[in-house]
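In what follows, every chain begins at residue 1, and chains take the letters A, B, ... in the order their sequences are listed. A quick note: this is a predicted structure, and the numbers were derived from the prediction, not measured.
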Amino acid sequence: MGQFIQPFLMFGLCVLGGGGVLLALPRGGKSPQVLGALGAGLVLGLALLVLGLKAGEQHPVPYFYIFSFIGLGAALRVITHPRPVYAALYFVLTVISTGGLFLLLSAEFMAFALIIVYAGAILITYLFVIMLATQAPEEGEIEALADYDTSAREPVGATVTGFLLLALLTSFMFKGLPNVPPGQAASTEALLSGMPRLVEQSLAEHGLIKSGEHVALDAGKHAVMTDAGVKIEGAAGERYIAKSEWPKDLEVTNIQRVGFDLLRDHPGTIEIAGVILLMAMLGAVVLSRKQVQMDEEAKRLQALKLGEGGGA
Amino acid sequence: MMTLAQAGYPAAMGGATLGHYLVVSAILFTLGLIGFLTRRNLIIMFLCTELMFQASGLALIAFGRYHMSFTGQTFVIFVLTVAAAEAAMALALVVLLFRRRESLDAEAWQDMKG
C-alpha cells in the first residue's frame, strides 16, 4: 500500500492544527479564541479534504466526513469552552457523531449502546456533578466564571506535546499499512451452523419444515451444513434445504454476532466486568458518604418536621 | 451504501478507508490529551479522559471491521464498562474534593505531594 499523503503536508497540517488549538484555548480576559477556533476548524476541514482527495478508488461514504467534522469540532469545543455544562453538552455531540461513525463501520449494536450508555447515563451523571459542584451566584450578581475555567494551564507545552503525538500517530499515513492484511469474514453458513435453533425457527416460520421435522445436529450440537444445504431430520427421513431456498431474513445480525463473540469466546471477561462495576459502585458509595453533623436541637426539629409530614 | 439492517456482512474495507478512521481517532485522542493537560477544572479533566476512551473505541471498531472480526466490538463493551466505573469513582472523588476546598480547581491540590 502506497502513501496516502506527503509527509511535509501531514506535518504542516499538524503544526497548523496545533496553532489553531493553541489560540482556541481559553486564556482569561481577552484572547483570540474565535480566531483560533476558526483556524483549527479550517485546518480540520483541510485535513478532511486532503484525506478525501487522496482516498483514491476506495472512498469512504460522504457521511464519514460529516460525522468526523461534527465530532472533532465538538471535541474542540469540549476542551475550549469555559462553561463546564456547555463542554459536557458538546461532549454529547461528540458521542453522537462517534455513534454515527460506528454505524458506518456496521457496528450497529455498539453505536446505540454508546449513545445510550454515554450520552444517556454517564453524561447525565457528569451534568449532575457539575451542577452540584458549582456555587449558585449571589442574588443580583452576574454569574461569574471561575478563574480555573477561563484560563488554561500550560497551553503551549500541552499543545506541542499533543500535536507531536498526533504527528507520530499519523505517520502511518505516509508509510502505508503494509503489514496489516485485511481479514476475511466468517461465512454466514459457518455462523448459522452454530445457531441451529435460529435456523429451525426461521425455516418453520416460512413453512419450509413441517412439525416433527428438525434441523439435524452433529456431535458438537452444531447444525449439519453441507454443500447441499442444511440437513433436516424427521419421521419422513432426511432431506436437505439448499441455500437458495432459505428465507431471505435468515441472516446473522450484528447483535447476534456480537453476542456470539461475547458469550462464546469471552465468557470470563463478562464476570470480570461485573466485578469491576460492583467495586466501582461500592467505592463510589464509600467515597461520597458524608456524616451530617447535627446538634440535639436540630435533630429534635427535624424529627418534629418529619412527624408532621408523616401524619398529614 | 451500507444499509442498517444488513443482509450479510458487507464487503471488506480497504486499507485507505481504515487509515481515514485511524486519523480521526488519532485527532480525537490528541484533543482529549490536550484538554486533560490544559483544563484546570477537575470535571472537565475527566470529561477529556472520556474523549480519549471514545477515540480508542473508534480505533478498535475500525480495526475490527477491517479484520472482519467481532472481538473489536466486544472489547468496546468492556471499554464502556471501564468508562462507566471510572465515571462513578471519579465523580465521587470530585464531589469529595469539592467539599473540602469548595473549588474544582485541580491546582488547589498542589500541596498534595507523594
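- Looking at A111(A), there are no atoms closer than 4.5 Å to chain B (heavy atoms on both sides), in backbone or side chain.
- At least one side-chain heavy atom of L104(A) sits less than 4.5 Å from a side-chain heavy atom of Y21(B).
- Looking at R153(A), its side chain does come within 3.5 Å of a backbone N or O of R39(B) through a donor-acceptor pair.
- Side-chain contact between I61(B) and M110(A) is present, with heavy atoms from C-beta onward closer than 4.5 Å.
- Looking only at heavy-atom pairs under 4.5 Å with chain A, the residue among L42(B), L28(B), V79(B), L51(B) that has the most is L51(B).
- The shortest distance between side-chain heavy atoms of V95(B) and L287(A) does not fall below 4.5 Å.
- Looking at F91(A), only its side chain comes within 4.5 Å of chain B, counting heavy atoms on both sides.
- Residue contact with chain A, scored on non-hydrogen atoms closer than 4.5 Å, involves the side chain of V94(B) exclusively.
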Check the pair F98(B) / L132(A) against side-chain contact (heavy atoms from CB on, under 4.5 Å), numbers first and verdict last.
CA-CA 9 Å; F98(B) 179 74; L132(A) 272 177; over 6 Å; no
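- The part of V21(A) that comes within reach of chain B is its side chain, from C-beta onward, which places non-hydrogen atoms under 4.5 angstrom from that chain.
- Interface residue F109(A): only side-chain heavy atoms are found under 4.5 Å from chain B.
- Looking at F75(B), neither its backbone nor its side chain comes within 4.5 Å of chain A, counting heavy atoms on both sides.
- Nearest approach of G162(A) to T30(B), heavy atoms of both residues: O-CG2, 3.0 Å.
- Contact count versus chain A (heavy atoms, under 4.5 Å) is highest, among M45(B), Q54(B), M89(B), for Q54(B).
- Residue-environment remark: CZ (R264(A)) exceeds the threshold of 12 foreign heavy atoms within 6.0 Å.
- Among the candidates I276(A), T161(A), I130(A), the residue making the largest number of heavy-atom pairs closer than 4.5 Å to chain B is I130(A).
- Comparing L96(B), L33(B), L47(B) by how many heavy-atom pairs each has under 4.5 Å with chain A, the most go to L47(B).
- A55(B) does not touch chain A: none of its heavy atoms, backbone or side chain, sits under 4.5 Å away.
- Between I79(A) and F36(B), the closest side-chain pair of non-hydrogen atoms is not below 4.5 Å.
- Few gaps surround CD on E107(B); more than 12 heavy atoms of other groups in view lie less than 6.0 Å from it.
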Might you work through the side-chain contact (heavy atoms from CB on, under 4.5 Å) test for L169(A) and I27(B), ending with a clear yes or no?
CA-CA 9 Å; L169(A) 282 177; I27(B) 298 175; over 6 Å; no
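- For chain B, the nearby part of V117(A) is the side chain; its heavy atoms alone come within less than 4.5 Å.
- Residues Y118(A) and F53(B) place their aromatic rings such that the two centres sit no closer than 6.0 Å.
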Mind running side-chain contact (heavy atoms from CB on, under 4.5 Å) on F46(B) and Y126(A) for me, showing each step along the way?
CA-CA 9 Å; F46(B) 284 115; Y126(A) 269 92; 3.4 Å; yes
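- Residue contact with chain A, scored on non-hydrogen atoms closer than 4.5 Å, involves the side chain of I44(B) exclusively.
- Interface remark: of the candidates V76(B), L93(B), L80(B), L80(B) forms the most heavy-atom pairs closer than 4.5 Å to chain A.
- Considering I272(A), L277(A), I270(A) as possible partners of T81(B), the one that fulfils the side chain to side chain contact (heavy atoms under 4.5 Å, CB included) test is L277(A).
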Please walk me through it: do I34(B) and F163(A) pass side-chain contact (heavy atoms from CB on, under 4.5 Å)?
CA-CA 9 Å; I34(B) 294 175; F163(A) 277 83; 3.3 Å; yes
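- Looking at L123(A) and E50(B), their side chains never come closer than 4.5 Å, going by heavy atoms from C-beta outward.
- If you measure heavy-atom distances from V95(A) to chain B, the contacts under 4.5 Å come from both the backbone and the side chain.
- When every heavy atom of R65(B) is checked against every heavy atom of S106(A), the shortest pair comes out as NE-OG, 3.3 Å.
- Two residues are said to be in side-chain contact when any heavy atoms from C-beta on lie closer than 4.5 Å; I43(B) and P84(A) fail this criterion.
- L262(A) places a side-chain heavy atom less than 4.5 Å from the side chain of F78(B).
- When T38(B), V82(B), L31(B) are compared by the number of non-hydrogen pairs under 4.5 Å with chain A, T38(B) comes out ahead.
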